[in-house]
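Notes for the one structure printed next.
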2 protein chains.
Amino acid sequence: METYTEKTQVHVAAEQIRTLILDGTYRPGQPLRQEALSERLKVSRTPLRHALQSLAEEGLVETVGFKGARVARPDPNMVRDLFDMRLLLEPLALKSAVAHHTKLDFARAEMALDAADTERDPHRLSQRNWEFHHALYRPSDRPTLMRTIEQLNRASAFAEAIAKSIVIRSEKSAAEHRELLEACRNGDMDGAILHLTKHLQLAYHDIQNLEY
Amino acid sequence: METYTEKTQVHVAAEQIRTLILDGTYRPGQPLRQEALSERLKVSRTPLRHALQSLAEEGLVETVGFKGARVARPDPNMVRDLFDMRLLLEPLALKSAVAHHTKLDFARAEMALDAADTERDPHRLSQRNWEFHHALYRPSDRPTLMRTIEQLNRASAFAEAIAKSIVIRSEKSAAEHRELLEACRNGDMDGAILHLTKHLQLAYHDIQNLEY
DNA sequence: GTTTCCATAATTGTATCCAATTATGCAAAC
DNA sequence: GTTTGCATAATTGGATACAATTATGGAAAC
């Protein structure tokens with residue numbers, strides 16, 4: 001019987017910091033001092049630095065030379081770029097996946113939707129949203145493509161959290177998600193891709209109008 | 001007078017390991033023991049671990065729980081996914097950039113081409129290739145898009161190094177590059193995008209036929 | 001009053017040591 | 001002969017101490 005460990009302090013620290021940032025506790029541009037964070041998260045500075053570096057490569061924090069780490073500040077262009085890329089890549093993932101969709105995938109997607117309905121915490125809400133998209137994309141069995149798409153979704157979640165659009169448009173998003181799921185259930189690939197495209201465009205539009 | 005430091009041991013260690021991997025010194029799947037690497041690079045294990053993590057998020061090495069790090073093993077699907085994505089994203093970057101191209105950009109691109117002509121080291125050759133593409137994409141002034149494209153190019157360079165196609169098709173690649181540059185110089189956007197697309201498709205094709 | 005310079009403090013990066021986890025090998029049981 | 005179990009070694013993760021770098025503040029010069 002093989003046993004998995006995986007729970008290294010780096011991951012839990014990264015997850016906690018991620019939550020603090022997406023909750024708005026730490027605002028964009030705010031410096032993240034290692035000693036203070038170390039004390040707050042009850043973790044030594046060594047794994048903390050690893051976590052900060054991980055978040056830096058994820059795009060959530062910026063880290064410079066010997067100056068330290070700050071919460072990243074998303075610019076409007078970033079939002080445009082992210083959605084331009086998602087509009088190109090996610091339809092490809094969906095297209096590759098529809099032929100391999102199973103009832104289990106649909107069940108997973110629906111579970112994520114139901115969980116999202118009763119969720120008000122921004123971070124967990126964005127997690128549910130990703131779980132939904134992930135359930136529909138994953139059957140494509142293209143991990144490299146998935147990896148990039150997940151990165152873009154994480155960054156989008158950050159931008160949406162800043163603009164507070166995640167919670168504001170959660171009902172609209174839920175409706176769009178259910179339409180997309182229904183099209184997938186009916187095996188309507190073209191319709192599904194159309195719904196996905198529309199969903200992304202609407203999300204982009206709403207973020208644009210909220211952020212300054 | 002402000003002075004920049006930036007030269008942290010993590011970066012130099014990461015760069016050295018990157019070179020060792022792309023040179024073929026460390027083969028895919030080979031375990032990377034911290035103590036041995038620490039001794040080889042004359043660096044403590046702490047910054048070394050950071051470098052390994054950085055390379056892991058870059059996709060060059062795989063790192064699991066308490067088991068350690070290994071050189072990543074690219075699968076054929078990864079190559080397909082990478083080029084599918086590049087074929088979607090790089091034309092967008094080029095399209096956004098052509099309107100802002102200056103003589104300086106063309107000069108930079110040509111300098112990269114000339115440097116590539118006399119370069120046989122795989123790692124440096126792939127660096128030159130990226131410098132060329134970077135020179136043509138950068139005027140788009142879309143850093144978030146550039147960031148993702150650079151990640152994909154790094155991963156592609158890894159796959160090409162494994163398949164040894166970087167050096168093998170270097171002359172072909174150079175010719176394609178010069179055609180692309182010429183189209184950009186003439187302000188022929190459609191032609192440039194066509195050349196870029198063809199270039200990526202040919203590179204993909206040649207890798208496919210070389211890897212097993 | 002402003003600027004420059006230097007000393008000091010605050011903060012990050014690195015090295016070393018210890019703890020936790022995993023891999024290895026051998027003996028005993030069946 | 002194979003397998004199970006445990007003891008030991010090898011390796012990674014984490015905590016602490018130290019070194020390097022940057023930021024801060026105040027005095028002196030103009």
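The chains referred to below are lettered A, B, ... by the order of the sequence lines, with proteins before strands, and numbering in each begins at 1.
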*What integer distance in Å separates B:Leu48:CG from C:dT14:P?*
11 Å
_Below 4.0 Å: OP1/OP2 of D:dG14 and any side-chain N or O of A:Thr8_ = yes
*Greater than 12 external heavy atoms within 6.0 Å of B:Arg138's CZ*: no
_Which residue lies more 5' along DNA chain D, comparing A:Ser44 with B:Ala69 via nearest heavy atoms_ = B:Ala69
*Looking at the side chain of A:Phe66, which of C:dA15, D:dT21, C:dT11 is the nearest nucleotide?*
D:dT21
*Looking only at side-chain atoms of A:Arg33, point me to the closest of D:dA15, C:dT12, D:dT11.*
C:dT12
*Respond yes when some side-chain nitrogen or oxygen of B:Gln9 is under 4.0 Å from OP1 or OP2 of D:dA20, and no when none is.*
no
*How long is the line joining CG of A:Leu37 and P of D:dA15, in whole Å?*
14 Å
_Please determine whether a side-chain nitrogen or oxygen atom of B:Arg45 lies at a distance below 4.0 Å from atom OP1 or OP2 of D:dT12._
no
*For A:Glu35 and D:dT16, what is the distance between atoms CD and C1' respectively, to the nearest whole Å?*
13 Å
*asked:* If I take atom OG from residue A:Ser165 and atom CG from residue A:Asn209, how far apart are they, to the nearest 0.5 angstrom?
replied: 10.5 Å
*Using a strict 4.0 Å threshold on nitrogen-to-oxygen distance, state whether B:Asp81 and A:Arg147 make a salt bridge.*
no
_Measure CG/B:Leu41 against P/C:dT14 and give the value in whole Å, please._
13 Å
*Specify the separation, in whole Å, of atom NZ of B:Lys7 and atom P of D:dT22.*
11 Å
*asked:* Using whole Å, what does the distance between atom P of nucleotide C:dA10 and atom NZ of A:Lys67 come to?
replied: 19 Å
*Closest to the A:Gln34 side chain, choosing from D:dT22, C:dT14, C:dG13*: C:dG13
*asked:* Please compare B:Gly68 and A:Lys42 by the position of their nearest nucleotide in DNA chain D and report the one closer to 5'.
replied: B:Gly68
*Ignoring the backbone of A:Thr46, work out which of C:dT11, C:dA15, D:dT11 is nearest its side chain.*
C:dA15
*Grab the CG-C1' distance between B:Leu32 and D:dT11 for me, whole Å please.*
14 Å
*Within this structure, what is the NE2-to-P distance between B:His50 and D:dG14, rounded to whole angstrom?*
11 Å
*May I ask you to decide whether A:Glu58 forms a salt bridge with A:Arg18, counting only side-chain N to carboxylate O separations under 4.0 Å?*
yes
*Considering only NZ, NE, NH1 and NH2 on the basic side and carboxylate oxygens on the acidic side, decide whether A:Glu150 and A:Arg154 come within less than 4.0 Å.*
yes
